[in-house]
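Throughout, numbering of the chain's residues begins at 1 and tracks the sequence.
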Amino acid sequence: MSAAIGGLVMGEFRFEQGLVRALLRDQHPDLADLELRDVDGGWDNQQWRLGEELAVRLPRTERAPALLRIEQRWLPVLAGRLPLPTPTPVRVGEPSGLFEHTWTVARWVEGEPADHAPVTRVEAAEVLAGFLGALHVQAPADAPANPMRGIPLAGLSEGVEVGFEVIADHAGTEGAREVWEKAVAAPGWQGAPLWLHGDLHPANVVVRDGMLTGVIDFGEMCAGDPATDLSAAWILLPAGAASRFFDAYGRVDEATVTRARGWAVLRALGLIGIGRNGRLGLPGGKPTWEPAGFATLERVLTTN
């Protein structure tokens with residue numbers, strides 16, 4: 001991840017509530033007196049709950065303002081047809097003398113992040129399939145592209161080798177590499193670029209009573225190969241639910257499933273690496289991500 005705004009590393013820097021209150025009074029005074037509560041988590045953005053229905057998000061990494069602009073521009077266009085709650089922006093904060101970057105007031109999405117409360121109900125397969133089926137429509141020509149999502153996996157091979165080094169002693173490493181190599185060799189996406197969430201992993205969805213109930217953090221949304229998102233069949237769902245997911249999603253060929261498994265390996269390696277950093281107390285680490293990454297790897301490797 002990139003360094004935080006002001007040269008500080010993500011996880012070492014936090015904005016204070018007083019800044020948020022001042023920003024609201026300056027640009028959205030009708031919201032300024034609502035209750036403001038700190039929210040744990042967040043990578044590129046720090047978040048507060050505002051009243052019962054809203055959240056405030058301030059960017060704290062170099063790339064975060066651009067990601068917020070993507071959400072501000074495109075999520076309101078898509079949210080109306082998505083069958084799960086999303087943090088749809090309702091107000092935009094513009095750069096000012098108080099804060100030099102854009103910021104957002106968005107809808108609050110109720111639930112616990114899945115890296116803390118995993119999806120355990122197999123019926124979530126149909127819920128996820130319905131969400132992605134609604135999202136995966138042809139994107140317009142001016143939809144954002146993303147250099148790390150929705151692209152051919154061969155372009156990411158250098159980075160994945162770092163991940164394989166992290167799990168070098170794991171029993172599943174050889175199997176994971178085989179899945180990855182098959183995915184890289186599979187025929188590429190031949191259809192029109194589709195809308196993608198681009199970053200479906202446990203910290204970016206919320207859960208209630210074991211069920212997937214919301215999808216958050218759309219900053220990486222882009223157009224491209226749906227296999228990127230379809231990897232969530234192994235990343236988010238409980239063991240054995242992937243085939244049920246693909247049955248419900250439909251319209252997918254063997255090559256796309258193969259690429260999706262490769263994406264799941266790639267994302268598992270990323271989760272494990274960031275989780276390991278958290279376990280070791282290193283900057284930017286998220287300890288809850290490591291078990292989520294290994295669980296993803298196990299589900300990928302036990303797929304028939």
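Within the model, atoms CG of Leu266 and CE of Met148 stand 7.0 Å from one another, a figure rounded to the nearest 0.5 Å. A distance of 11.0 Å separates CG in Leu212 from OG1 in Thr120, rounded to the nearest 0.5 Å.
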Candidate pair Trp103 and Val20, rule side-chain contact (heavy atoms from CB on, under 4.5 Å), full reasoning = CA-CA 10 Å; Trp103 50 282; Val20 181; over 6 Å; no
In sequence, state the C-alpha distance, the side-chain angles, and the governing distance for Glu110 and Thr213, and then conclude on side-chain contact (heavy atoms from CB on, under 4.5 Å).
-> CA-CA 8 Å; Glu110 191 68 51; Thr213 56; over 6 Å; no
Show your working on side-chain contact (heavy atoms from CB on, under 4.5 Å) between Leu67 and Thr61 and close with a plain yes or no.
-> CA-CA 10 Å; Leu67 300 183; Thr61 66; 6.0 Å; no
Please step through side-chain contact (heavy atoms from CB on, under 4.5 Å) for the pair Val179 and Leu301, ending with a clear verdict.
-> CA-CA 8 Å; Val179 170; Leu301 295 178; 4.2 Å; yes
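Ring planes of Phe15 and Phe99: perpendicular class, angle over 60° (limits at 30 and 60°). Ring geometry, His197 versus Phe218: the interplanar angle exceeds 60°, so the pair is classed perpendicular (tilted spans 30 to 60°).
Between the side chain of Asp209 and the main chain of Met211, no donor-acceptor pair closer than 3.5 Å is present. Proximity of a side-chain donor or acceptor of Thr104 to a complementary backbone N or O of Arg57 within less than 3.5 Å is not detected. Remark: the backbone N or O of Gly224 is not paired with any side-chain donor or acceptor of Arg149 at under 3.5 angstrom. Distance alone, capped at 3.5 Å, is enough to place a donor-acceptor pair between the Arg37 side chain and the Gly51 backbone. When atom types are taken as modelled, the side chain of Gln190 and the backbone of Gly188 share a donor-acceptor pair closer than 3.5 angstrom. Using modelled atom types, no side-chain atom of Asn204 and backbone atom of Ile216 make a donor-acceptor pair closer than 3.5 Å. Not a single donor-acceptor pair under 3.5 Å links the side chain of Asp199 to the backbone N or O of Glu220. Side chain of Gln47 to main chain of Ala55: no donor-acceptor pair is present (N/O by atom type, distance under 3.5 Å, no hydrogens or angles). A distance-only check finds a donor-acceptor pair linking the side chain of Trp189 to the backbone of Ala192 [under 3.5 Å].
The side-chain contact (heavy atoms from CB on, under 4.5 Å) test applied to Pro76 returns Thr88, Pro89, not counting sequence neighbours. Residues passing the ring-ring contact (aromatic ring centres under 6.0 Å, His included) test with Trp263, sequence neighbours excluded: none. A search for ring-ring contact (aromatic ring centres under 6.0 Å, His included) contacts involving Phe131 returns nothing, not counting sequence neighbours. Judged as a side chain to side chain donor-acceptor pair (under 3.5 Å), and not counting sequence neighbours, the contacts of Glu123 are Arg121. Partners of Thr288 under the side chain to side chain donor-acceptor pair (under 3.5 Å) rule, at least two apart in sequence or in another chain, are Asp115. Annotation: ring-ring contact (aromatic ring centres under 6.0 Å, His included) contacts of His116 (sequence neighbours excluded): none. In this view, Trp74 and Trp195 satisfy the ring-ring contact (aromatic ring centres under 6.0 Å, His included) rule, not counting sequence neighbours. With sequence neighbours excluded, no residue forms a side chain to side chain donor-acceptor pair (under 3.5 Å) with Glu53. Take Asn277 and apply the side chain to side chain donor-acceptor pair (under 3.5 Å) test, not counting sequence neighbours, and it matches no residue.
Side chains of Arg259 and Thr228 form no contact here, defined as non-hydrogen atoms less than 4.5 Å apart. For the pair Leu58 and Leu23, the minimum side-chain heavy-atom distance is below 4.5 Å. At a threshold of 4.5 Å between non-hydrogen side-chain atoms, the residues Arg81 and Val137 count as touching. Between Ile272 and Thr296, every side-chain heavy-atom pair lies at or beyond the 4.5 Å cut-off. At a threshold of 4.5 Å between non-hydrogen side-chain atoms, the residues Leu135 and Val215 do not count as touching. The side-chain heavy atoms of Val39 and Gln46, taken from C-beta on, include no pair separated by under 4.5 Å. Leu132 places a side-chain heavy atom less than 4.5 Å from the side chain of Leu230. You'll find the side chain of Asp38 reaches within 4.5 Å of the side chain of Trp48, heavy atoms only.
In this structure, Arg49 places its CZ atom where more than 12 heavy-atom neighbours from other residues, nucleotides or ligands lie under 6.0 Å away. Summarising the local packing, CZ of Arg107 is surrounded by 12 or fewer heavy atoms from other residues, nucleotides or ligands at distances under 6.0 Å. Summarising the local packing, CG of Asp40 is surrounded by 12 or fewer heavy atoms from other residues, nucleotides or ligands at distances under 6.0 Å.
Across all non-hydrogen atoms, the minimal contact from Val119 to Ala124 is CG1-CB, 3.4 Å. Here the shortest heavy-atom pairing between Ile235 and Pro202 reads CG2-CD, 3.7 Å. Taking both residues in full, the closest heavy atoms of Ala176 and Leu297 are given as CB-CD1, 3.9 Å, listed atom of the first, atom of the second, then distance. Heavy-atom minimum distance, Pro226 versus Leu194: CG-CD1, 3.9 Å. Taking both residues in full, the closest heavy atoms of Arg91 and Leu31 are given as NH1-CD1, 3.7 Å, listed atom of the first, atom of the second, then distance. The minimum heavy-atom distance linking Ala145 with Cys222 is given by the pair C-CB, 4.2 Å.
Salt bridge annotation for Glu181-Arg261: absent, with no cationic side-chain nitrogen under 4.0 angstrom from a carboxylate oxygen. The pair Arg21-Glu16 does not count as a salt bridge, with every side-chain nitrogen at least 4.0 angstrom from each carboxylate oxygen.
Within the structure, every pair that satisfies the side-chain hydrogen bond (donor to acceptor under 3.5 Å, both in side chains) test and touches residues 151-164, not counting sequence neighbours, is listed here: Glu161-Arg177. The ring pair (Phe, Tyr, Trp, His ring centres under 6.0 Å) analysis of residues 136-169, with sequence neighbours excluded, yields the pairs His136-Tyr249.
Hydrophobic cluster of Leu68: no remaining members, since no ILVMFWY side chain lies below 4.5 Å from it.
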